[in-house]
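Note that these values count all heavy atoms, side chains included, but never hydrogens, waters or copies made by symmetry.
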Amino acid sequence: MIRAVVFDVGECLVDETREYGTWADWLGVPRHTFAAVFGAVIARGRDYRETFQFFRPGFDLDDERAKRAAAGKPEWFGEADLYHDVRPALRELRASGLWLAIAGNQTVRAGGLLRELFQHDVELIGTSDDWGASKPDPEFFARVAKAVPFEAAETLYVGDRLDNDIRPAVAAGMRTALVRRGPWGVIQQHDPLAAELPTFRIDELTELPSLISAFHAPEH
């Protein structure tokens with residue numbers, strides 16, 4: 001059975017359109033240009049952080065985050081940045097008795113924002129900065145498995161990326177759900193592994209309650 005559901009953050013719960021737009025503004029480049037280069041980088045299977053190097057060689061993301069904060073323009077997201085299906089899905093999954101958590105590659109500051117938004121909705125919020133391990137490092141998923149009070153095979157990890165979310169979660173023995181949205185969700189959707197690896201493929205988080213219920217059916 002699936003007894004726990006753990007959600008990734010970016011492009012799973014949070015629409016990052018506005019945040020990446022603010023990075024383009026910080027770099028002083030048109031938002032559509034930044035978005036085009038970003039897409040080209042990830043379509044080649046490269047680390048998204050290489051995008052910044054096209055515009056400013058030697059760019060250090062951690063340093064620039066600190067500079068943005070010092071300038072009064074820190075990374076930020078709020079209720080308006082959540083995908084429309086997040087709240088309904090969490091309510092229904094929680095009502096069905098599932099144990100819920102959020103765990104993703106996020107900074108300490110982002111972890112604080114997540115706790116403000118979801119402290120009454122989930123049992124656990126963990127970030128890569130909290131744990132000292134970032135996806136797709138197996139240690140990140142080992143930390144998830146340790147935090148969840150059920151077996152790995154009873155845990156469903158929900159994310160938008162094959163490389164960072166689905167593949168390493170499957171390797172850790174978890175069930176997975178691939179949500180097809182955001183840059184990675186669109187670009188990677190035709191990869192054969194997108195059909196082979198996930199337990200579920202979804203377009204909306206609100207599909208999860210019925211899919212999990214069907215998974216639990218005796219004939220499964």
Side-chain angles (χ1 to χ4, degrees), residues 1-22 35 38-39 42 48 75-106 110-127 135 144 148 150 154-167 169-170 174-191 193-195 197-217 220:
M1 294 182 68
I2 293 171
R3 303 175 69 183
V5 182
V6 182
F7 293 91
D8 177 36
V9 180
E11 300 307 334
C12 182
L13 302 179
V14 177
D15 182 341
E16 296 179 306
T17 300
R18 186 190 57 77
E19 179 62 13
Y20 283 123
T22 62
F38 185 99
I42 64 175
Y48 79 96
E75 61 175 333
W76 188 86
F77 52 84
E79 188 71 29
D81 297 297
L82 301 184
Y83 278 103
H84 68 279
D85 55 354
V86 172
R87 295 294 185 191
L90 290 177
R91 283 195 298 268
E92 191 169 352
L93 291 168
R94 193 176 182 88
S96 68
L98 289 159
W99 190 93
L100 304 180
I102 296 170
N105 283 352
Q106 300 292 325
L113 297 173
L114 290 168
R115 290 178 180 92
E116 290 177 10
L117 287 167
F118 296 110
Q119 60 179 322
H120 301 301
D121 304 292
V122 300
E123 280 69 35
L124 171 77
I125 295 173
T127 72
K135 297 182 296 183
V144 172
V148 175
F150 304 107
E154 298 175 312
T155 301
L156 179 76
Y157 191 83
V158 185
D160 64 301
R161 294 180 59 173
L162 280 172
D163 51 347
N164 260 29
D165 302 324
I166 304 306
R167 186 182 294 128
V170 169
M174 298 176 184
R175 309 289 184 180
T176 58
L178 178 63
V179 58
R180 292 175 286 198
R181 63 185 177 204
W184 285 274
V186 172
I187 289 172
Q188 296 178 345
Q189 67 177 315
H190 299 300
D191 187 308
L193 291 179
L197 285 183
T199 309
F200 308 125
R201 292 187 70 184
I202 59 175
D203 295 303
E204 302 276 340
L205 297 182
T206 46
E207 297 172 44
L208 287 173
S210 60
L211 287 171
I212 292 172
S213 179
F215 184 85
H216 292 163
H220 180 81

*Asks:* If every non-hydrogen atom of Y83 is compared with every non-hydrogen atom of C12, which pair is closest and at what distance?
*Replies:* CD1-O, 3.9 Å
*Asks:* Take V5 and V158 through the test side chain to side chain contact (heavy atoms under 4.5 Å, CB included) and record every step on the way to the result.
*Replies:* CA-CA 7 Å; V5 182; V158 185; 3.7 Å; yes
*Asks:* May I ask you to decide whether D165 forms a salt bridge with K135, counting only side-chain N to carboxylate O separations under 4.0 Å?
*Replies:* yes
*Asks:* Treating T127 as the side-chain partner and N105 as the backbone partner, does any N or O pair qualify as donor plus acceptor under 3.5 Å?
*Replies:* no
*Asks:* With side chains defined as the heavy atoms from C-beta onward, is the minimum distance between F118 and F7 less than 4.5 Å?
*Replies:* no
*Asks:* Specify the closest pair of heavy atoms between I166 and G159, including all atoms of both residues, with the distance to one decimal.
*Replies:* CD1-O, 4.3 Å
*Asks:* When rounded to the nearest 0.5 angstrom, what is the spacing between CZ in R180 and CD in E11?
*Replies:* 15.5 Å
*Asks:* Which atoms form the tightest heavy-atom contact between Y157 and A103, and what is the distance?
*Replies:* OH-O, 2.7 Å
*Asks:* What verdict does the side chain to side chain contact (heavy atoms under 4.5 Å, CB included) test give for L82 and V14, after you've listed the backbone C-alpha separation in whole Å, the side-chain angles of each residue and the deciding distance to 0.1 Å?
*Replies:* CA-CA 5 Å; L82 301 184; V14 177; 3.9 Å; yes
*Asks:* From D160 CG over to L178 CG, what is the distance, rounded to the nearest 0.5 angstrom?
*Replies:* 7.5 Å
*Asks:* Parallel, tilted or perpendicular: which one describes the rings of Y20 and F38, with boundaries at 30° and 60°?
*Replies:* tilted
*Asks:* Could you tell me whether a side-chain N or O of R201 sits under 3.5 Å from a main-chain N or O of Q189, the two making a donor and an acceptor?
*Replies:* yes
*Asks:* Using 0.5 Å steps for rounding, measure from the CG atom of L13 to the CG atom of L90.
*Replies:* 6.5 Å
*Asks:* Using a strict cut-off of less than 4.0 Å between a Lys/Arg side-chain nitrogen and an Asp/Glu carboxylate oxygen, indicate whether E79 and R87 qualify as a salt bridge.
*Replies:* yes
*Asks:* Quick check: closest heavy atoms across I125 and G111, and the distance to 0.1 Å?
*Replies:* CG2-O, 4.5 Å
*Asks:* Tell me, do D121 and L100 make a side-chain contact under 4.5 Å, heavy atoms counted?
*Replies:* no
*Asks:* Check whether any side-chain heavy atom of L93 sits under 4.5 Å from a side-chain heavy atom of I212, and report yes or no.
*Replies:* yes
*Asks:* When rounded to the nearest 0.5 angstrom, what is the spacing between CH2 in W76 and CZ in R18?
*Replies:* 6.0 Å
*Asks:* A side-chain contact here means heavy atoms from C-beta on lying under 4.5 Å apart; do F215 and R175 qualify?
*Replies:* yes
*Asks:* State the CD-OG1 distance between E75 and T22, to the nearest 0.5 angstrom.
*Replies:* 9.0 Å
*Asks:* Between E19 and E16, is there a donor-acceptor pair closer than 3.5 Å when you use the side chain of the first and the backbone of the second?
*Replies:* no
*Asks:* I need the I2 CD1 to L98 CG distance, nearest 0.5 Å.
*Replies:* 8.0 Å
*Asks:* Taking the basic N atoms (NZ, or NE/NH1/NH2) and the acidic carboxylate oxygens, is any pair closer than 4.0 Å for D191 and R167?
*Replies:* no
*Asks:* Using the side chain to side chain contact (heavy atoms under 4.5 Å, CB included) rule, take L205 and R181 through it: C-alpha gap first, then chi angles, then the decisive distance, then the call.
*Replies:* CA-CA 11 Å; L205 297 182; R181 63 185 177 204; 3.5 Å; yes
*Asks:* Under a 4.5 Å cut-off applied to non-hydrogen side-chain atoms, are L156 and V6 in contact?
*Replies:* no
*Asks:* Give the minimum heavy-atom separation between L208 and A177, together with the two atoms involved.
*Replies:* CD2-CB, 4.0 Å
*Asks:* Which pairs, with at least one residue in residues 90-101 and sequence neighbours excluded, count as a side chain to side chain donor-acceptor pair (under 3.5 Å)?
*Replies:* R94-E123
*Asks:* Determine the minimum heavy-atom distance between E207 and E204, stating which atoms define it.
*Replies:* OE2-N, 2.9 Å
*Asks:* Output, in order, the C-alpha distance, side-chain angles, deciding distance and verdict of side chain to side chain contact (heavy atoms under 4.5 Å, CB included) for N164 and Y48.
*Replies:* CA-CA 12 Å; N164 260 29; Y48 79 96; over 6 Å; no
